[in-house]
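Naming convention: chains lettered A, B, ... in sequence-line order (proteins, then strands); numbering from 1 in each chain.
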There are 2 protein chains.
Amino acid sequence: MDDDAQVALPPGIDLLWGLRPRPRRGPKPTLSLDRIVAKAVEIADAEGLGPLSMSRLAEDLGFTTMSLYRYVASKDELLTLMMNTAAADVPVPSDPAEGWRPGLARWARETLVLFRRHPWALQIPISGPPLEPNNLAWMEYGLRSLAGTGLAAGEKIGVILLINGYVRNEARLSGELAQGMQQRSSAQPTPTYGQALRRLLDPEKFPYLWEIVESGVFDDDESYGDAEFEFGLERVLDGIEALVRERSAGSASADLG
Amino acid sequence: MDDDAQVALPPGIDLLWGLRPRPRRGPKPTLSLDRIVAKAVEIADAEGLGPLSMSRLAEDLGFTTMSLYRYVASKDELLTLMMNTAAADVPVPSDPAEGWRPGLARWARETLVLFRRHPWALQIPISGPPLEPNNLAWMEYGLRSLAGTGLAAGEKIGVILLINGYVRNEARLSGELAQGMQQRSSAQPTPTYGQALRRLLDPEKFPYLWEIVESGVFDDDESYGDAEFEFGLERVLDGIEALVRERSAGSASADLG
DNA sequence: CGAAGCAGTGTACGTGATACACAGTTAGAC
DNA sequence: GTCTAACTGTGTATCACGTACACTGCTTCG
C-alpha cells in the first residue's frame, strides 16, 4: 500500500529525482551516467540531434553500444537527461529588489542563451510540461520575479509560458537562419531567401511579399539579431505590464479595505 | 548558360512550383502525388508523424513501398509537400476596410486552427524560411493587413514572425496538454501535472512553483483554452500597436511636408 | 513499328534502436 | 572464507525504416 511507485512517471524523471535504486553489488562501473550525458550533449551541441545515435555516442566514449543501456533505459530517457543537463547552468538568484520587469527580461535573455548554446533542445519532442529538476528550477527562477505582482497563479503561469514561447520562437528563427548561412557557405550553392523568392514569386499574386523582397531585407543574412529580440521582448513585456497594472490596482483597493 | 536550374532549391520546392518536368511516355499512372500526400496528411492528422512511415503509407494506399518513390524523391520531400497541403485551406481575402489589428487577429486565429488541425506541422524539422506556395500565400495574407501601417519592410516581417511564433507556441502548448490527457485516459496511469509536481517538488526549494501547485491550476486538464489564447494575443497586438502608432506619427509628419 | 522512357514491383542493403544471453566481477549472506 | 545473487561490459540477433537497384510490362514519340 505504498503510494510511492504507484503512478508512472515519464522515463528518466525518476532517475533525475534520485528515485531509482542504485545497484549495490557487481563490478565497479567504468562508465558513468554523467559521462554519457555530457558526451551526448557535446555531440548534439556540435552537430545536432541527427548524428547523435547510440552507437556514435558509445564509440566516442570508447565503449560498445549496448553498454550505454546499463545506464539509460532508452534513447528517449537519454534525451530527457540531456534536457535536464542543458538547463543546468542555473541562473543566479536575482536581487529581490529587482523589479518584475527587469527580472523577467533577464530571465528571457538567459533562456535565449540556453537555446543558442543547445539548439537541439528546441527539437526534442516534448510530451508535456517539464518535470526535470533543472527545468523546474528554471521555471521557479522566472516565477520569482512575479512574486510581488499580485497576479493569480494561473496568470503567472500564463506569463511564464508566454515569455518562454517568445524566446523559443526567436531562438528557432535565428537557428534556422544560421543553418541557412552554414549551408550557403558549404559545397552546393543554396540561394539566399531573397534570391529564391525572386525566382519563384509572381509579383502580381504576391504583391505584399514582393514589396518586402524588393526592399532587400531578405538578402542579407544578418536579419535576426539581438536588437530584434530586445524589441520584441519589450513589446511582450508591455502587454504583461498592462495586466500587472490592472491586477495591482484591483488588489491594492482590496488590500486597503 | 540558362540560369533556371542554376541554384539548388530545397527538395520538393521545385515540384510545388511546377518546375519539375512532367513525364511524357510510359504507362498511365495509377497512383498520384495528390493521393499520396493527402493520405499522408490523413495519417499524420490522426496518429502523428511517428506512425507515418513510407511502408505504412503505401500499405494504406494499396501499393508497395517503392511505388511511392516514383512520385516523391524522399520522405523529406514528402514532408515538404504535406506542409504545403496543410496550409492549403487558404484564407479568404479580407475586407480591405478591415483595420490592421482585427486583420492580424483573424490571421492569428486562422493560423491557430491550422496548427490544431495539423499538429504534426509543428514538429516537421524546418531548415529555413518557408518556400512552399501555400505557406507563402499564408504569409502574404498576414502582410496584407499591415499594408497601411507605414511600417518598414523589416518591421512588417518582424511583426508577422512575432505573431506566427506566438500562435505556434500556443498551439504547441495546447497540443502537449491534449496529448497528456489522452495518455491519462489510456491504460497506464499517468499522473496529472499537479500530482506529479506534488510528489517530486520540495516546497522549500521551489517555493514559488509550490504556491502555484497548491493553487490547483495544474490539476484540471482544461488549462489552456481559447480565452488564454485571446488574452495573450491582445497583449502581443498591444505591443505591435505601440510600434504602429510610433511609425504612423513619424510618417504622417513626413508626408505632410 | 521499334526503342526510349516510365509505372509498379521485388529484392537487398545500411543504419539505428534495442532484446537477450554470456562471461567475468563484486558485495553481502552464511 | 566461501558462495551466490546482482551487476558490468560485450557480442549477437532482430526488427523497423529509408531507399538504391534491377526487372517486367506498357505507352508514346520518332
query: Is the backbone N or O of B:G50 less than 3.5 Å from a side-chain atom of B:W120, with the two atoms forming a donor-acceptor pair by type?
result: no
task: Measure the distance from CG on A:L68 to C1' on C:dA19 and round it to the nearest whole Å.
output: 15 Å
message: Quick check for you: among C:dC20, C:dG24, D:dG18, whose closest atom lies nearest to any side-chain atom of A:M66?
response: C:dC20
field: Selected nucleotide, minimal atom distance to A:R25 side chain, candidates C:dT26, D:dT27, D:dG9
entry: C:dT26
- request: Compare side-chain N and O positions of A:Y69 against OP1 and OP2 of D:dT8 and report whether any pair is under 4.0 Å apart.
  value: no
field: Any A:K28 side-chain N or O less than 4.0 Å from OP1/OP2 of D:dG9
entry: no
message: With rounding to the nearest 0.5 angstrom, report the OH to CZ distance, A:Y166 to A:F229.
response: 5.5 Å
message: Rounded to whole Å, please give me the gap between CD in B:E59 and P in C:dT9.
response: 13 Å
- request: Specify the separation, in whole Å, of atom CG of A:L49 and atom C1' of C:dT15.
  value: 17 Å
- prompt: In whole angstrom, what separates B:R35's CZ from C:dG8's C1'?
  reply: 13 Å
query: B:S67 near the nucleic acid: base, sugar-phosphate alone, or nothing, with a heavy-atom cut-off under 4.0 Å?
result: base
statement: Between B:P29 and A:G26, whichever has its closest DNA chain C nucleotide further toward 5' is B:P29
task: Starting at CZ of A:F206, measure out to CD1 of A:I212 and round the result to the nearest 0.5 Å.
output: 13.5 Å
- prompt: In terms of side-chain heavy atoms of B:P27, which of D:dG9, C:dG24, C:dG5 is nearest?
  reply: C:dG5
- prompt: Separation of B:R56 atom CZ from D:dT19 atom P, in whole Å?
  reply: 18 Å
- line: A:L57 atom CG is separated from C:dT18 atom P, nearest whole Å, by 13 Å
Rounded interatomic separation in angstrom, taking CG from B:L61 and C1' from C:dT9: 15 Å
message: Quick check: on DNA chain D, is the nucleotide nearest B:R70 upstream (toward 5') of the one nearest B:K75, or the reverse? Name the residue that is more 5'.
response: B:K75
message: Has A:Y71 got a side-chain atom pairing as donor or acceptor with A:I36's backbone, closer than 3.5 angstrom?
response: no
B:T64 side chain near C:dT9 phosphate (N/O to OP1/OP2, under 4.0 Å): yes
Closest nucleotide among D:dG18, D:dG9, C:dA7 to the B:P23 side chain: C:dA7
message: With a 4.0 Å cutoff (strictly under), does any side-chain N or O of A:T65 reach OP1 or OP2 of C:dG16?
response: no
Heavy-atom donor-acceptor pair, A:E77 side chain to A:V72 backbone, under 3.5 Å: no
query: Roughly, in whole Å, what's the span from CZ in A:R24 to P in C:dT26?
result: 18 Å
